[in-house]
Each structure stands twice: as structure tokens, then as C-alpha cells.
Amino acid sequence: MVNDKKVLYSGMQATGNLTIGNYLGALKNWITLNEEYECFFGVMDLHSITIRQQPADFRKRARNLLALYIAAGIDPVKNCIYYQSHVSAHAELGWILGCFTYMGELSRMTQFKDKAAKHSDNINAGLFTYPVLMAADILLYQTDYVPVGKDQQQHLEITRDIAQRFNSIYGDVFTIPEGYYGKRGAKVMSLQDPSKKMSKSDENPNGSIYLMDDADTVLRKCKRAVTDSDSEIRYSEDKPGVSNLLEIYSACTGKSIEESEKEFDGKGYGEFKPAVAEAVNSVLEPMHKEHERILKDKSYLDGIIKENNEKARYFANKTLRKVRKKVGFTDIPH
Ligand code: TRP
């Protein structure tokens, strides 16, 4: 509990370009969570270096992502948005928790297996211990809730296991976090292969609409989106392409799926696809403007980063001090 509120923690990595799937499925739903929870949203840059990054590009991406959190509507005064690498307690607790995590547990992580297969030239130890660092992220803030997608559920499970193991040895140190399954975000699939989730690391850039795509690009991608042989605009399992576009349209306009179906009843893809693009652009354009404005205002953004960093440190260090004591490290003189 912080300020009588339960704690909610999440974060994104500054790798790849965020897609409208990340926005409609996650980011957008984070905006109002602070009304009920004390929210921490990290830019998970320590995790990002498990894959090789080009430094200048990486630095820019991380700053862009933090500014994007704000541009998307997360209030940086009411929420704590910060860089993971600015709070050294993450790495320290990560080390400690690594000593309470078994090789066997980590070997079972499906994301490790997937990433190792994809980056077979760089299967580093960080990739293997990735879930331990993630556990540290979550446990440092005494988190009650973590909004997680399917792909991160296993990581939340291992976080709970590590926390319980630690608590059973040392007493009540960590809050045991739970998944947050509030209002469901939109599930956005690839425009080119609607059986796959829209992904920021898709090799085919036409499959994803990136948050930074301009209006023409969005229109082109929507026009190229795969549909089906008939021309009906209807939400149905056997029409995954059209259903996906309807889902996007509905999430961007706030209209229900039924309303959206009705609106395009009797109309063809020639009308539908540009309308989807327009709906997406009406969300992206104000976001782009705001993003640009924030990035230009260097002193504002630096101020936000500094303040939030101090706030994150305060809470993280509180937990870390407790852990140090429990484990039996000697006091740091000051
Ligand atoms: N692994 C998460 C992802 O790739 C990012 C992440 C790192 C995270 N630490 C976290 C998410 C803690 C939630 C909580 O999506």
C-alpha cells in the first residue's frame, strides 16, 4: 500500500517501435488506473540490453518511449514513470533474487526458449535471468497488481514463486503480486496475418501500424490489410482479417463492434478500410503533436524524469534496505 492505495506496476521495453496494438491493448488502459491505484510505469531499459542495442539509437528510443507515455495520456505527476536503469535497486535486488531462483525454473520459461531460438548468436546470461530482473522490478515496489498479457503470465508466476520462497525464509518481506485483469484492452492482430498478434518485432512492417506512422502510411497499411473472399463487414471467427479491422475501428472510435458493423452494413472494403485508417489517424495525430511538443520542451521532460526518478528510488530503496537486513548484509556506513 502507498498512500492508502494498492500498488500497480507495469513497463515496456524501449526496443522496436510501439504499435497500435501496444497502445490499444495496454497503454490506453493505463491512463485511468491511477484513480484507483498507485501506479509505476517503467521504461525497462535494463531488460533491453539482453538484445544488442546501438547506443545512440537506444538512448533516443528510451527518451521517446518515456515521452510517449505522457503523450498517450499518462499523467507524470499522478503516476511514477521512470527509467529502470536510473534506479540501481533493480539491478541489486535482481542479483539477490537470482540466488533464490533455480536454473530449472528459468529453463522452463517459454520466452527464453523463443528468444534464444531467434537470437542464437547471442544467448547471453541476461536473457536467461531476464525473469529474475522482472521479479525485482515488481517486488521492489511491493506491487499488488501487474497488468500482464498472455506472453508475460509465466514471468508473473515465477515472480510469485520467488517472492513466496523468499518470504518463507525471511518472513513477510514482499507483497505477493497478482495479475491485473481489469477492463480488457483491444486484442489487435497483424494486418497481414490475423492469426498472429500485432507485434513491434514483426519482420513484415505492413503487418503492424506503428504509433509513429504518418497518416499516409496508416492508410496504405489499412488498404493492404488482408480480408477474406466475401465482401461482408461482419465480426466472425471465420473472418479474422475483417474482425481485426473492426476491433481496431471500434477501439479507436469508442463505438461498439455491433454499432460499427451496422455502420458498414451493405458497404464494401473500399469504404471500410479508409474509414479504419481515419479512425486510427484521429487517435495518432494528436498523440504525435503532443509527443513532439514534449520532446521539444527539454527542461520540462528533464524535470519530470528527475522527480519521478526520486520517487521511484524512495520506494525501491525502502524495500531494498529491508531485504539487505533480512539477508544479513552488514550496514552501509554513512
Ligand atoms: N517483460 C516485459 C515485456 O517485455 C517488460 C517488463 C519488464 C515488465 N519488467 C516488467 C512488465 C515488470 C511488467 C512488470 O513486456
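Just so you know, ligand 1 is whichever comes first in the structure, and atom 1 is the first atom listed for that ligand. Residues: numbered from 1 along the sequence shown.
- Of all the atoms in ligand 1, the ones that sit under 4.0 Å from a non-hydrogen atom of Y130 are 1 (N), 2 (C), 3 (C), 4 (O).
- Residues L8 and F41 meet the side-chain proximity criterion, which asks for heavy atoms closer than 4.5 Å.
- Scanning the protein heavy atoms around atom 3 (C) of ligand 1, the nearest turns out to be Q152 NE2, 3.5 Å.
- Protein heavy atom in closest approach to atom 6 (C) of ligand 1: M44 CG, 3.7 Å.
- Close approach to H47 involves these atoms of ligand 1, each under 4.0 Å from a residue heavy atom: 7 (C), 9 (N).
- If you number the atoms of ligand 1 from 1 as listed, the ones under 4.0 Å from a heavy atom of Q13 come out as 4 (O).
- Within ligand 1, the atoms closer than 4.0 Å to a non-hydrogen atom of I138 are 12 (C), 14 (C), numbered from 1 in the order shown.
- Between Y141 and H90, the ring-plane angle classifies as tilted under the 30° and 60° cut-offs.
- Closest to atom 9 (N) of ligand 1 among all protein heavy atoms lies D137 OD2, 2.7 Å.
- When only modelled atom types and interatomic distance are considered, D302 and S299 share no side-chain donor-acceptor pair under 3.5 Å.
- Side-chain polar atoms of S256 and E259 form a donor-acceptor pair below 3.5 angstrom.
- There is a side-chain donor-acceptor pair under 3.5 Å between Y235 and E247.
- Between the side chains of Q53 and T15, not a single donor N or O lies within less than 3.5 Å of an accepting N or O.
- With hydrogens left out, the protein atom closest to atom 11 (C) of ligand 1 is G11 O, 3.6 Å, a heavy atom.
- Taking the six-membered ring where the residue is Trp, Y9 and Y82 present perpendicular rings, their angle passing 60° and hence far from 30°.
- Under a 4.0 Å heavy-atom criterion, M134 is in contact with ligand 1.
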